[in-house]
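Contents: one structure, followed by commentary.
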Number of protein chains: 2
Amino acid sequence: MKATKKQTDGYAHEPPTVQQLTTMLSVHKVRPSQQRLMILEYLLTHHNHPSVDMIYNELLIKVPTLSRATVYNTLNLFLKAGLVRVLDIVENEARYDILTDFHGHFKCNTCGEIFNFRVIDEALVSEELKGFGIDDKNVYFKGTCPKCLKK
Amino acid sequence: MKATKKQTDGYAHEPPTVQQLTTMLSVHKVRPSQQRLMILEYLLTHHNHPSVDMIYNELLIKVPTLSRATVYNTLNLFLKAGLVRVLDIVENEARYDILTDFHGHFKCNTCGEIFNFRVIDEALVSEELKGFGIDDKNVYFKGTCPKCLKK
DNA sequence: TCTGGTTTTATAATGATTATAAGTTATTGT
DNA sequence: ACAATAACTTATAATCATTATAAAACCAGA
């Protein structure tokens with residue numbers, strides 16, 4: 001494990017510069033705009049696996065003219081561009097995650113928090129899937145997190 | 001005359017007797033009714049990971065008074081009773097599966113079909129989940145099935 | 001500054017699911 | 001057996017996340 005760089009989930013990270021955000025979008029062939037930069041920054045500094053409304057409500061404070069449709073549009077754009085991944089772990093609500101290494105997600109049914117955990121994905125793929133073109137892998141667990149178990 | 005119906009998994013299933021269906025419900029503390037028996041029979045004889053509407057439309061042919069709400073109610077009841085599992089693998093549409101051994105699901109993005117595959121679930125659980133109460137595990141893959149790859 | 005294209009916004013539409021209330025059917029107690 | 005009561009089903013309305021649409025705002029180049 002890396003001792004030098006702290007990369008724990010749920011913590012805020014140093015805000016990236018506009019320069020860095022713009023470059024990140026360009027790499028993925030997405031033109032920059034105020035809203036897109038804001039939403040990308042949100043995703044990079046929050047690791048809450050946010051819903052559209054979590055993003056919308058927070059950014060609304062700073063930009064009261066923001067439209068919920070813009071958040072939907074932008075996330076769909078990021079999705080197509082390969083910037084984010086969408087989680088179907090919460091009933092009737094899409095959750096988003098900046099695309100990083102493959103990992104599983106655990107959702108606590110009590111507090112609703114979503115945790116990451118490592119998965120050895122080689123162990124997943126069985127012989128039966130020979131001949132299948134795999135584009136996307138998802139591992140979702142549900143239950144109760146340690147904090148909620150203590151109550 | 002019993003015509004063998006074609007299933008997507010290639011297997012035909014003998015229709016269970018009313019006796020067997022009733023017993024199966026009783027074991028799970030679900031009172032039997034015409035509609036519940038019908039829906040349970042559908043789930044046992046089809047292995048298509050059906051949606052509410054797939055079940056509703058097929059049963060409607062035999063029982064034209066059937067309500068879509070009944071199918072929703074019954075599946076939610078089966079879910080609470082532990083008779084079925086719900087899959088969140090298709091966007092904006094719940095799919096149901098008679099509860100059997102743990103296995104993964106592969107959804108073909110081209111034809112929409114859902115395939116089962118074996119997963120060694122011991123390999124899934126990492127050290128990080130010590131202390132978590134796991135109630136439910138899901139493994140969803142998406143991509144293209146061999147048949148659709150050939151086109 | 002005009003012009004054409006892109007992005008954002010506000011609002012309406014969609015569609016799966018749930019809630020509600022009324023109508024049926026089954027069960028219980030006498 | 002028969003009313004009383006509970007359980008189940010049905011039809012319809014409501015909900016709510018998401019998408020579609022069209023108008024307004026923004027931006028880059030001539």
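Nothing here was measured: the structure is a model prediction, and the numbers come from that model. Reminder, nothing fancy here: chain letters follow the sequence lines and each chain counts from 1.
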Any residue of residues 84-97 of chain A with a heavy atom less than 4.0 Å from an atom of DNA chain D |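 Within this stretch, A/Asn92, A/Glu93, A/Ala94 sit under 4.0 Å of the strand.
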
Stretch residues 67-74 of chain A: residues that reach within less than 4.0 Å of DNA chain D through a heavy atom |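 The stretch gives A/Tyr72 as the residues lying under 4.0 Å from the strand, ordered by number.
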
Should B/Glu113 and B/His49 be marked as a side chain to side chain donor-acceptor pair (under 3.5 Å) after you check the CA-CA gap, both sets of side-chain angles, and the distance that decides it?
-> CA-CA 9 Å; B/Glu113 193 168 334; B/His49 309 88; over 6 Å; no

How far apart are the C-alpha atoms of A/His105 and A/Asn138, what are their side-chain angles, what is the distance that settles it, and do they pass the side chain to side chain donor-acceptor pair (under 3.5 Å) test?
-> CA-CA 8 Å; A/His105 291 101; A/Asn138 289 287; 5.8 Å; no

Charged N to carboxylate O below 4.0 Å: is that the case for [X] and [Y]?
| X | Y | value |
| --- | --- | --- |
| A/Asp53 | A/Arg68 | yes |
| B/Arg118 | B/Asp101 | no |
| B/Asp136 | A/Lys107 | no |

Determine: side-chain N/O of B/Thr65 to OP1/OP2 of D/dT10, distance under 4.0 Å, yes or no.
->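 The answer is yes; a side-chain N or O of B/Thr65 sits under 4.0 Å from OP1 or OP2.
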
Would you call the rings of A/Phe141 and A/Phe117 parallel, tilted or perpendicular if under 30° counts as parallel and over 60° as perpendicular?
->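 Because their plane-to-plane angle lies in the 30° to 60° range, the rings of A/Phe141 and A/Phe117 count as tilted.
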
Note, A/Phe102 side chain near A/Val139 side chain (heavy atom, < 4.5 Å) |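 Counting from C-beta outward, A/Phe102 and A/Val139 do come under 4.5 Å.
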
A/Thr45 and A/Pro16, any side-chain heavy atoms less than 4.5 Å apart =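 Side-chain contact under 4.5 Å: yes.
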
What do you reckon, are the aromatic ring centroids of B/Phe78 and B/Tyr96 less than 6.0 Å apart?
->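 No; B/Tyr96 has its ring centre 6.0 Å or more from that of B/Phe78.
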
Establish whether A/Val52 and A/Leu99 are linked, either directly or via other cluster members, by ILVMFWY side-chain heavy-atom contacts under 4.5 Å.
->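 They do not share one cluster, since no chain of ILVMFWY contacts under 4.5 Å joins A/Val52 to A/Leu99.
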
Short heteroatom pairs, N/O only, protein and nucleotides 5-8 of chain D, under 3.5 Å:
{"residue": "D/dC8", "atom": "OP1", "partner": "B/Arg36", "partner atom": "NH1", "Å": "2.9"}
{"residue": "D/dC8", "atom": "O5'", "partner": "B/Arg36", "partner atom": "NH2", "Å": "3.4"}

